[in-house]
Amino acid sequence: MKKNPFYLKEIPVDAPFCDREKELADLISYAKSNINVVLFSPRRYGKTSLTKRVQNSLKSDGNLTAYCDLFGVTSVEEIAGRIARSIYAVTHKNQGMFQKAIGFITSFRPVLSPSPEGGISVSVQTAFKTDGLKILEDTMESLEKFIIDVALPVHVAFDEFQEIAEVHNSIGIEGILRQYIQKIQCSFFFIGSRRRILLDIFNDRKRPFFQSSLNYELKPLPHKDMVLFITSEFKSAGKYINEDDASKICQLVSNHPYYMQKFCFFLYEEIDKEVTQKDIAEIKAIVVESERVVFESILQGLRTKQINILSALAKEPTAKIYSASYMARHNLGSTGGIQQGLSTLSKKDLIEKDYRTGTWSVVDPIFVCWLIQMSL
Ligand SMILES: Nc1ncnc2c1ncn2[C@@H]1O[C@H](COP(=O)(O)OP(=O)(O)OP(=O)(O)O)[C@@H](O)[C@H]1O
Ligand SMILES: [Mg+2]
């Protein structure tokens, strides 16, 4: 039997990828022109996988590419450590370059150890005791010196960049990062899905990163390309789905890349040879159920009034949330309460407003299915 061509886990960089040709070309071209980019979208639209492909292409053109994941950072020391680690991770296979990195990055020493997957895992330990912002400043200064010395085009991706805004003294941290990023001759990508927090870092005139980078939004995949991707992946792996059914899946997941992969992964496992309508209904229920724990924990962090708004927007997206009939239909209470609820829910990126039509809706398409199903 052939291997399931869809992915539940992170998609490998050489696996078939749907569309994103223009985005790939744009981002490679920005990177080569030393332009800094804020790459944003709702969760799991493919920012990380696209960035890895951008870096792969840059690497094959002789660039040095560092990938620094800031997910879960809790202190300035940790941010500095992750930056140092990303440089060691990309240089450790090249003796000459690794020695250079060690020479410049005096605040952190690399620690190489065998990884469970059989490769080498790179971590860092502090070389000497400095506290707070000074260690970040030292690390950024060494990054600058290293990049000058290495004399190659360099690309640095900061994934989950918005996390720095949650760390103590975040404005101080932003100030130092901005100061060096402005000086260093390379391209930086700042990637994140908490769009409100991320964009505030770059679009608030009182903050250090104000207007320092180009905003680049990743949209859902185009419907036509997604249909073609699904039908051809099924075919190449020895099973069959017709275009109408593939199109139905795209609609169910609102052209969301991750949910498309998940849906099709389960579907491919389930069927013998050919997809039927009944299979699609069954898999929809499985996909919704697979996210239940996540959705329940989201609701646990919300107040009843906020849940009411979320549920109303899942059932009926609207540009007229304050109309008396909408408020009454969904039991939304006072105008002030709605205003506050909309603000909290959009800060959490659970809902969004389409600025063209003014329509409020729930961001995650499977969350929508679950909320409707629960009739909360
Ligand atoms: N263009 C694409 N073609 C096929 N699958 C894709 C594509 N883009 C994303 N995916 C699927 O979606 C998954 C999630 O993508 P990825 O982790 O890159 O998203 P993300 O935007 O970085 O998510 P997060 O916001 O959670 O960090 C991938 O592992 C892959 O299975
Ligand atoms: Mg990501």
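Whatever order the structure lists them in is the order used to number ligands and atoms, beginning at 1. From a predicted model like this one, the values you see are computed outputs, not experimental measurements.
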**Sphere of radius 2.8 Å around the Mg ion (ligand 2) - protein N, O or S atoms inside** = Thr48 OG1

**Prompt:** Does a salt bridge link Lys32 with Asp61, judged by any charged N lying under 4.0 Å from a carboxylate O?
**Reply:** yes

**Asked** Under 6.0 Å between ring centres, would you say that holds for Phe234 and Tyr240?
**Response** no

When you check ligand 1 against the protein, what N or O pairs turn up below 3.5 Å? List the atom names and distances, or just say none.
{"residue": "ligand 1", "atom": "1 (N)", "partner": "Cys18", "partner atom": "O", "Å": "2.9"}
{"residue": "ligand 1", "atom": "3 (N)", "partner": "Cys18", "partner atom": "N", "Å": "2.8"}
{"residue": "ligand 1", "atom": "5 (N)", "partner": "Gln261", "partner atom": "NE2", "Å": "2.8"}
{"residue": "ligand 1", "atom": "15 (O)", "partner": "Ser49", "partner atom": "OG", "Å": "3.4"}
{"residue": "ligand 1", "atom": "18 (O)", "partner": "Thr48", "partner atom": "N", "Å": "3.3"}
{"residue": "ligand 1", "atom": "18 (O)", "partner": "Ser49", "partner atom": "N", "Å": "2.7"}
{"residue": "ligand 1", "atom": "18 (O)", "partner": "Ser49", "partner atom": "OG", "Å": "2.4"}
{"residue": "ligand 1", "atom": "19 (O)", "partner": "Gly46", "partner atom": "N", "Å": "3.0"}
{"residue": "ligand 1", "atom": "21 (O)", "partner": "Tyr45", "partner atom": "N", "Å": "3.1"}
{"residue": "ligand 1", "atom": "21 (O)", "partner": "Gly46", "partner atom": "N", "Å": "3.0"}
{"residue": "ligand 1", "atom": "21 (O)", "partner": "Lys47", "partner atom": "N", "Å": "2.9"}
{"residue": "ligand 1", "atom": "21 (O)", "partner": "Lys47", "partner atom": "NZ", "Å": "2.7"}
{"residue": "ligand 1", "atom": "22 (O)", "partner": "Thr48", "partner atom": "N", "Å": "2.9"}
{"residue": "ligand 1", "atom": "22 (O)", "partner": "Thr48", "partner atom": "OG1", "Å": "2.8"}
{"residue": "ligand 1", "atom": "23 (O)", "partner": "Arg44", "partner atom": "N", "Å": "2.9"}
{"residue": "ligand 1", "atom": "25 (O)", "partner": "Arg44", "partner atom": "N", "Å": "3.2"}
{"residue": "ligand 1", "atom": "25 (O)", "partner": "Lys47", "partner atom": "NZ", "Å": "2.8"}
{"residue": "ligand 1", "atom": "25 (O)", "partner": "Ser193", "partner atom": "OG", "Å": "3.4"}
{"residue": "ligand 1", "atom": "26 (O)", "partner": "Arg43", "partner atom": "NE", "Å": "3.0"}
{"residue": "ligand 1", "atom": "26 (O)", "partner": "Arg43", "partner atom": "NH2", "Å": "2.9"}
{"residue": "ligand 1", "atom": "27 (O)", "partner": "Glu160", "partner atom": "OE2", "Å": "3.2"}
{"residue": "ligand 1", "atom": "29 (O)", "partner": "Ile11", "partner atom": "N", "Å": "3.1"}

**Prompt:** Taking the side chain from Ser33 and the backbone from Ile35, do they hold a donor-acceptor pair closer than 3.5 Å?
**Reply:** no

**Request:** Sequence neighbours left out, what passes side chain to side chain donor-acceptor pair (under 3.5 Å) with Ser123? Give chain and number order.
**Result:** none

**Request:** For residues Leu332 and Ile321, determine if any side-chain heavy atom of one lies less than 4.5 Å from a side-chain heavy atom of the other.
**Result:** yes

**Asked** Pairs in or reaching into residues 285-319: which pass ring pair (Phe, Tyr, Trp, His ring centres under 6.0 Å), with residues at least two apart or in two chains?
**Response** Phe295-Phe367, Phe295-Trp370

**Request:** Take atom NZ of Lys3 as the centre, draw a 6.0 Å sphere, and report whether it contains more than 12 heavy atoms from other residues, nucleotides or ligands.
**Result:** yes

**Message:** Angle between ring planes, Phe161 versus Phe209, binned at 30° and 60°: parallel, tilted or perpendicular?
**Reply:** perpendicular

**Message:** Looking at Glu144 and Tyr180, would you say the former's side chain and the latter's main chain have a donor-acceptor pair under 3.5 Å?
**Reply:** no

